[in-house]
Q: 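Can you keep this structure in mind? I'll have questions shortly.
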Amino acid sequence: MAKNLVIVESPAKAKTIEGFLGKDFTVKSSYGHVRDLSEKGISVDVKNNFEPKYEISADKKKVISELKDLVKKSETVWLASDEDREGEAIAWHLKETLNLEDGKTRRIVFNEITKNAILKAIEKPRQIDLNLVNAQQARRVLDRLVGYEISPVLWKKVKPSLSAGRVQSVAVRLIVERERERSAFRSVSAFRVTGVFKVGSSKIRAELNKRFATEKEALDFLEKCTSADFSIGSVETKPGKRTPAAPFTTSTLQQEAGRKLGYSVTRTMTLAQKLYEEGKITYMRTDSVNLSETALEGASAQIGTQYGEKYIQTRKFTTKSKGAQEAHEAIRPTHFEELKASTDSGAQKLYELIWKRTVASQMADAVLEKTTVEIQGSGLTEKFVARGEVIKFDGFLKVYMESTDEEEEEENDDQILPAVKKGDALQRQIITAVEKFSIPPARYTEASLVKKLEELGIGRPSTYAPTITTIQKRGYVERKDLEGTPRNYSILTLEKSKVDKEVKTEMTGADRNKLFPTDIGTIVTDFLTEHFKQILDYNFTARVEKEFDEIAEGLMEWQDMLKDFYGPFHETVEHTEKHSERAKGKRELGVDPASGKNVYALIGRYGPMAQIGEAEDEEKPRFASLQKNQSIETITLEEALSLFKLPKPIGIFEDEEMVVGVGRFGPYVRHAGKFYSLPKGADPLDFQMGEAIKLIEEKRIADSNKTIKEFEGTDIQVLNGRFGPYIKQGKENYKIPKGTEPAALTLEEVQKIIAEAPAKKPKKKAK
């Protein structure tokens, strides 16, 4: 047996590291955290200085048992979890759970999985940093206190099965507020004027330095231009340069992968984790932009070899954010000469992005020549401005250019302007005034939400991806596409001496992969903002992160921080539970002309719905579920009233009535006591008899193909499932042994398979 036991978090990491160490080392995985706060209750002893009640996870008991056996046979145990607070906590939990002695325990850290880095770490072990552990404990306990105390209040005051989280709730608030900004926004139009002018055999495109608020003003200007003579008013040429962006941090990698590759933050982090564990990149949870001397040398060597010495410009970037000291380096390739890092196309694209960004950061500035030309017209006070740019030396642009969230309109910046001088006459070719509409603030993408959270100081590198995933899983936010609506706009064109008008149509409001708040997300946000101002306050959430940093630096006791927070917080919880009204997000839409009763949109037990009448009325109110594409905040009276046309009969099939309606699980057709879900996107109000018959017949065919065999007098069936044939008895499913022909099974054989099936684990109750 090897003298040394190295414990890491993942099997992939273990496999890579094992290849670097000799026969004296055994490398094993803990498969992440081995213990956590107990799922039974709050698991924090508030009265006993916030003592956490940890327990070994059920799925880790076997792992712990195996590791304990290996510990007994080893002389030294090396805890090699990641170098951030989360990794430090994993190492501490392992030490506590395995009862490791200080004398035989070593803590090692590295920010890249290469042979050199691992061997250097072995040479310089340290003890577990309890300040980092306590910072992680403070975060975990605080989030448990918030979640477990606020969630029951939401169950009583809003809707069952809801939950709240400190960072997640703030992220949802950002999305809700952005949607309301958009709803309150009123678009205004103005006419943007551009012209094309000829000088010699060349053309200059230019934009007027003024926009006109009305069509009449634009038309009057174009009329003046019919008789104007145009010439060069001034020419200004000056040198310019562009400087490369810093290497990637977690946040900037997530943003750029979203913009350039279309990756979600979760996919980005999953692929980055894979590349890290395979030794291809440095640690991917970092807010540092620093590069080591080794990295600077490696990048310079690769740039010199691949592009030439003139492209090398060594730069040392410094990290602005406080608290970044625990992360030693930016995300970079471990070997710059390695251009192919993965056979997985997604991981390879991400690696190429990291490689290009890092290499570009060590390349020379791009040298530009920027030219601005002013064009004047006789009798005109306004001037046309043309801008041009010539790249004299491409520098880092040869490799990489950073993207932005919303690319700005720069139609004139990509032209190469001809050589002109002041006073040169120009020939007007065409001048166009196009009606442009102001646009509301953009909805958040996952990438731009990460950017905003980072700007506000909310969360840390390891929290961005799980935060965005959680708010979508909880149904507070959804990522979706939105089809635009048509809008007319006017174009006025002056060519020769005549002004023509044309009306065109454009699509407005279309969105792709944007984050939208759901009705329940909006109502929960409103409730929390009203009753838990502190939790939803951006400054408070950012201040908490700073306090975690202070705990990590040993400047604050973690229990003291929790004590200061918990007292006022718990009082607010108790007061809200006793005195707050139930939140329904109730919105009055108008009056039902048929009954004269008020119509509302609100949240019910099973989600958003419309209501006609009052709860206090002698006659009970009528209710109808909103459709998936409808929202409490935007539904109109007419749209709400149309929902009460359901359920409605749509015809007779096989002597039985077909009824279309909307239920808890969406729109359906009911026929002969059976329910058939409508296809995705189908409008139940427009669903026709022929479509319903086709739906029923197709479902029958699918069901008949599903059944392989039935046994009369029993509830046992042999069915075709998504993953192949299986046995079903009542609500339980059983695997069919390999090599068995499902259609040939007898009742006795099936009963034997059921009897010999392993006992099923009880399902975990939802928190």
Q: Over 60° means perpendicular and under 30° means parallel, so classify the ring planes of Phe569 and Phe565, tilted if in between.
A: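 Answer is parallel, since the angle falls under 30°.
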Q: Please assess Val434 against Tyr489 for the test side-chain contact (heavy atoms from CB on, under 4.5 Å), listing each intermediate value before the final yes or no.
A: CA-CA 8 Å; Val434 180; Tyr489 67 100; 4.0 Å; yes
Q: Side chains of Ser38 and Lys53: is there a donor and an acceptor less than 3.5 Å apart?
A: no
Q: Does Tyr263 have Arg267 sitting over its ring (NZ/CZ under 6.0 Å from centre, angle to axis within 45°)?
A: yes
Q: Could you verify whether a donor N or O on one side chain and an acceptor N or O on the other, from Ser251 and Gln255, lie under 3.5 Å apart?
A: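 Distance-only check passes for Ser251 and Gln255.
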Q: Partners of Glu639 by salt bridge (Lys or Arg N to Asp or Glu O under 4.0 Å), sequence neighbours excluded?
A: none
Q: Does one side chain, of Glu446 or Gln472, offer a donor that lies under 3.5 Å from an acceptor on the other?
A: yes
Q: Please check this pair: side chain of Arg474 against backbone of Leu162, looking for a donor-acceptor N/O pair closer than 3.5 Å.
A: no
Q: For Lys597, is there an ion pair with Glu614 - N to carboxylate O distance below 4.0 angstrom?
A: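 No.
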Q: So that I can tick it off, tell me whether Glu256 and Arg259 are bridged by a salt bridge, with the cut-off set at under 4.0 angstrom between side-chain N and carboxylate O.
A: yes
Q: Less than 4.5 Å apart, side chain to side chain, heavy atoms only: is that true for Phe653 and Glu697?
A: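 Phe653 vs Glu697: side chains touch.
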Q: Both conditions, 6.0 Å and 45 degrees, for the charged tip of Arg166 above the ring of Phe540: are they met here?
A: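 Relative to the ring axis of Phe540, which defines the angle, Arg166 lies outside at least one limit.
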Q: If the plane angle is over 60° it's perpendicular, under 30° parallel, otherwise tilted; pick one for Phe675 and Tyr668.
A: perpendicular
Q: Between the side chains of Lys501 and Glu215, is the shortest nitrogen-to-carboxylate-oxygen separation below 4.0 Å, so that they form an ion pair?
A: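 Yes.
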Q: Whether Arg670 engages the ring of Tyr676 as a cation-pi pair (distance to the six-membered ring centre under 6.0 angstrom, angle to the ring normal within 45°) should be assessed.
A: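 Here Arg670 fails the 6.0 Å and 45° test against Tyr676.
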Q: Under 3.5 Å, is there a donor on one side chain and an acceptor on the other for Thr522 and Thr525?
A: no
Q: Ignoring hydrogens and angles, state whether a donor on the side chain of Tyr444 or Glu179 is under 3.5 Å from an acceptor on the partner side chain.
A: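 Short answer, no.
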